[in-house]
Amino acid sequence: MSRILITSAIPYINGIKHLGNLIGSQLPADLYARYQRARGNEVMFICATDEHGTPAELAAAKAGQPVAEYCAQMHEVQADIAKGFRLSFDFFGRSSSERNKKLTQHFAGKLAENGLIEEVAEKQVYSKADGRFLPDRYIEGTCPNCGYDKARGDQCENCTKQLDPTDLIEPRSAISGSTELEVRETKHLYLRQSRLRDKLDAWIDSKSDWPVLTTSIAKKWLHDGDGLRDRGITRDLDWGVPVKKGDEPWPGMEGKVFYVWFDAPIEYIGATAEWADANGLDDSAWQRWWRTDKGAQDVRYVQFMGKDNVPFHTLSFPATIMGSGEPWKLVDYIKSFNYLNYDGGQFSTSQGRGVFMDQALSILPADYWRWWLLSHAPESSDSEFTWENFQVSVNKDLADVLGNFVSRVTKFCRAKFGEHVPAGGTYGPAEHKLIAELKKRIRAYENFMESMEIRKAAQELRAIWVAGNEYLQSAAPWTVFKEDPDHAAAIIRFSLNLIRLYAVLSAPFIPDAAEKMLQALQTKNDSWPDNVEQALSVLPAGHNFSVPDVLFAKISDEQREEWQARFAGSRD
RNA sequence: GGGCCUGUAGCUCAGUUGGUUAGAGCAGAGCGCUCAUAACGCUUUGGUCGCAGGUUCGAGUCCUGCCGGGCCUACCA
C-alpha cells in the first residue's frame, strides 16, 4: 500500500467557477484520488478556497458585505457545489484559516532567518478615494502608445504594449474611477528566489517525467533574461495574513499582509492541519503527510492545476519549502492542464459566457459532466466544449453503451429467470475469451490511471463497456434460452457480474451511477478486480437484485438547443 | 517583441526513439439481431497528416521559412 498526497489548485473565492476551472484541477484530482483509494492506497486529498487579495475585497464590497463574512459565505457555496460534483476532498479548507496564518508566518520567519527575505522600498500608486494602494491592473488610463482609453497599468489590452502605471495619460482608479492618485513610497518584503535558482533548476531537471507544459514554463522563468527574479511577497492590504516573523512582530511591516500567492500554496499544508483539527487528531496526523522527518518520507505528492498556476507551483512554492531549511515534503509530480474553451470562444466569468458549476448541476446530474469533462480533458492542448459534442458523447457513451447494457441484462434476467442471479450452466470459451480481453484492457486502464492519462483512461473504460455489448451480442442469451435455458443462465450470471465489475471500474469517473449499479445488484462488494476471474464470480447464483431505473437519460435535441441559447452569454 | 504549445478523416482526438498499404470514437452507408434507453453487433465510405522547401535509402514524426490557433511574459489570481 502506498500513501498518496493529492492537492488540487485552490479556487479563488470571488464567485462560482465555470466548467473550465473544474476540469483544470479539481475534477482530475478527484478522479485520481478515487482511483488510488479504490486500489487500496492511503490517500489524502486536499483542496481549499483561496480567500485573500484585492479581488476578494472588491467582490465583498460589491456584495455589500464585510470581507470575512463574504468569504465565509462563498466558501460554503463552493463547498456545496464541490459536494454536488462529488469531489471527494478529505478536507476543503480555507486559506484564511488560523492554521494557514500560523504556517505562513512560520515560513516567512524561517526564510528570514536563512537570509532569503529582503526589505525593499518601492514606489506605488495610492488612491486617496479608495484609501488603498492600487495594483497596476487596477489603474486605468489612456495608452500613450495607441490612445486606447481603457489601458491598464500593466499592459494595454488594445495594442498589447507593456506599460508602467506612470506611463498612462490621465490615470484613474479602476475601482472608483477617482483620478486622485499619487505615488507613495512603501516598503515590502521580497523572497530572494534568485538565490535558490541553481537548486530549483537542478530540481526541475531531475523531473524528466513531468509534462512538457509544466517543465517548459518553469525553465522559461528560470532562464529568461537575468533568470529567476525575486518576488514581492507582501501587500498593503487589510485582508490577508498579517506580516509576522514567526510569532514575532516584523518591525516596519505593521499593517501589511502577505501576498496571496505566498500564502495560498501553504494552505495545502494548512488545510491538512485543518483536517486534523476537524477530526480531533493531533499534529502528528497531518505532519506524517508533510514532514519527511515525521513519516512523510514514503509519501508520493501529486499536484493538479491549470497551466496558469505552474510558475507558482514549480518555483515560488518550492522556493518557500526549500528556503525554510526544514524537511517539508516537496511535490513529486505536477499534472497541469490547458484550458477548456466554450463553443468557439473562452469561458468568461465577467460576461457570464459558458456554463458555471452551479448551473451545470441544475440541469444535469454530476456524472454527465464528469464523464464528458474527463473524457475530453485538455491535456495536450486547449479543448472545446460544444453542446452538440456533449449531447452525442453523453447519449452514446453513457446511455447507449453503459446504461443500456445494464438495462438489457437486468430486464432480460427479470423476464426469464426473475430478479435473482440465475443458477445453471458453466462458463465456456466465450466467457474465457472476454475475461482474457478484460484482463488486457483493465491493465491498460490501470496504467493510464497511474500515469494520469485521463483521456486514454476514459477511452479504455469505454472499450471495456463496449466489450460487454459485443459479448452479449455473440452469446445471444435470448436465442440460447429457447434451446438451452441453463446455458442462457450462465451467460446472464456472467453478465450480471460484469455489471458489478463495470461499477467498480467506472466509479472514479461516474461515482453516482456506479453506486446505483451496486445498489441494484444489492452488493457492497466494490473490491478492485486484481483477479478478473474472481471478480466475475462475486455474485453467486440465487443472489437477489433489482432492475434499476434508467441510469442515464438521453439529452434531447430540444434540451440541447434550449441550453445552447441560455448559456450563450450574460449570466442572470 | 520574446518564449512555449498547437494545426492529422465532416467532428473530437491517438499516433512511442523517423521504417512497409496513417489509427480510434462519433457522424454517413450497408447488413444482422430483437434482450434493451429506436438501444446492440458486424462490415464499410472518408485523410496530398496547415503550406513550401530541406536532411535521409526512408518523414505525420527531424531542420528552415511561411500561414493559422492558443497560452505565458513575473503587481489578476
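Below, chains carry the letters A, B, ... as their sequence lines are ordered, and counting in each starts from 1. Worth knowing before you read on, the calculation uses all heavy atoms, side chains too, and leaves out hydrogens, waters and symmetry mates.
The aromatic ring centroids of F317(A) and F312(A) lie 6.0 Å or more from each other. Taking the six-membered ring for Trp, F481(A) and F417(A) have ring centres closer than 6.0 Å.
Among the protein residues, N404(A) comes within range of the nucleic acid bases, having at least one heavy atom under 4.0 Å from a base atom.
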Report summary line: Per-nt protein contacts along nucleotides 5-11 of chain B (heavy atom under 4.0 Å; B base, S backbone sugar-phosphate only, - none) come out as S------
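Separating the P atom of G19(B) from that of C62(B) is a span of 11 Å, rounded to the nearest Å. For the P atom pair drawn from G50(B) and G3(B), the interatomic distance equals 23 Å after rounding to whole Å. For A38(B) and A27(B), the P atoms lie 15 Å apart once the distance is rounded to whole Å.
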Restricting both atoms to N or O, compile the protein contacts to nucleotides 29-33 of chain B shorter than 3.5 Å, with distance only.
{"unit_1": "G32(B)", "atom_1": "N2", "unit_2": "Q473(A)", "atom_2": "NE2", "d": "2.9"}
{"unit_1": "C33(B)", "atom_1": "O2'", "unit_2": "W478(A)", "atom_2": "NE1", "d": "3.3"}

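Nearest to the side-chain atoms of W221(A) among the listed nucleotides C75(B), U73(B), A77(B) stands U73(B). Comparing G3(B), A74(B), U37(B) by their nearest atom to the side chain of L228(A) picks out A74(B). Side-chain atoms of D400(A) lie closest to A39(B) of the nucleotides A36(B), A39(B), U12(B). Comparing A74(B), U12(B), G25(B) against the side chain of R231(A) picks out A74(B) as the nearest. Picking from C26(B), U12(B), A74(B) the nucleotide with the shortest atom distance to the side chain of R462(A) gives C26(B). For F412(A), the side-chain atoms get nearest to C35(B) when compared with the rest of C75(B), A77(B), C35(B). Across A39(B), C35(B), C75(B), the shortest atom-to-atom separation from the side chain of K554(A) is found for A39(B). Counting only heavy atoms from C-beta on, K456(A) has its side chain closest to G15(B) among A74(B), C75(B), G15(B). Side-chain proximity of K307(A) to C35(B), C71(B), U12(B): nearest is C71(B). In the set C42(B), C75(B), A74(B), C42(B) carries the atom at the smallest distance from any side-chain atom of E470(A).
When the side-chain nitrogen and oxygen atoms of K396(A) are compared with OP1 and OP2 of C40(B), one or more of them lie within a distance under 4.0 Å.
Protein atom CD1 of I555(A) is 13 Å distant from nucleotide atom C1' of U37(B), rounded to whole Å. Rounded to whole angstrom, the span from the CZ atom of F405(A) across to the P atom of G41(B) amounts to 11 Å. The separation between F481(A) atom CZ and A36(B) atom P is 13 Å, rounded to whole Å. Protein atom NZ of K220(A) is 11 Å distant from nucleotide atom P of G2(B), rounded to whole Å. The CG atom of L373(A) sits 13 Å away from the P atom of C13(B) (whole-angstrom rounding).
Contact of R229(A) with A74(B) (side chain to base): a donor-acceptor pair of N or O atoms is detected under 3.5 Å.
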**Report entry** Secondary-structure notation, RNA chain B, from Watson-Crick and G-U pairs under 3.5 angstrom (| other strand)
**Finding:** (((((((..((((.....[...)))).(((((.......))))).....(((((..]....))))))))))))....
